[in-house]
Amino acid sequence: MSVVAEAYPALVLNADFRPLSYFPLSLWSWQDSIKAVFLERVNIVSEYDVAVHSPSLEMRLPSVISLKEYVNLDRWPAFTRFNVFLRDSFACQYCGGAFPTEDLTFDHVVPRSRGGKTTWTNVITACQDCNLSKGNRLPRECSMHPLRAPIRPTTYQLQQNGRAFPPNYLHESWRDFLYWDSELES
Ligand SMILES: [Zn+2]
């Protein structure tokens, strides 16, 4: 097997030819993709120009594969830090600023010290400055109200948000299956 193949992930589509996930983009290593091909769990939709060889076999690496059986995505995504950022499009919900993930934190709209819970509807993305200046106050006490009321998002809503964040690397064979918002606007 050739070493260069390490860099050839396959885009994984559901049986409806939509990506399993937009952000992070659903990608499998070439090893996992080929295993799934041999287990007949996926169809090859597109291939790289690169092949792997064994003594008895030569096989081009898949660049796009689709699952043979449709996978139902959970309707309700997990309540994680990443998913809160994704719901809020990685923007501070007080000042509206977009920051790199490492400069973002989350804020309890109703502070924990005032009985606020750590839930989808009380936690929002915030920059460090806004988080600090809000402190332990209620929104009405400091006139800092979330730009968008925090909701519990569906997986579909998170997928929609994820489409606004194309990955750094895009193989041309993936483009047909990815409709980034920036391309829709142009
Ligand atoms: Zn802010």
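Worth knowing before you read on, the calculation uses all heavy atoms, side chains too, and leaves out hydrogens, waters and symmetry mates. Numbering of ligands and ligand atoms starts at 1, following listing order. For the single chain, residues carry numbers from 1 onward in sequence order.
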inquiry  = Assigning hydrophobic clusters by single linkage (Ile, Leu, Val, Met, Phe, Trp, Tyr; side-chain heavy-atom cutoff under 4.5 Å), is M144 placed with V84?
reply    = no
Under 3.5 Å, sequence neighbours excluded: what are the donor-acceptor pairs made by side chains of residues 33-46?
| residue | atom | partner | partner atom | Å |
| --- | --- | --- | --- | --- |
| S33 | OG | S29 | O | 2.8 |
| S46 | OG | S63 | OG | 3.2 |

Protein-derived N, O or S atoms lying less than 2.8 Å from the Zn ion (ligand 1), waters not counted, sum to 4
Notebook entry, point to check: Any side-chain heavy atom of S113 within less than 4.5 Å of one from H108?
Noted result: no
Would you say L27 and L11 make side-chain contact, with heavy atoms under 4.5 Å? yes
The single option from F85, F82, F90 that satisfies ring pair (Phe, Tyr, Trp, His ring centres under 6.0 Å) with F165 is F90
When every non-hydrogen atom of L170 is compared with those of R175, the smallest separation belongs to CD1-NH1, 3.9 Å
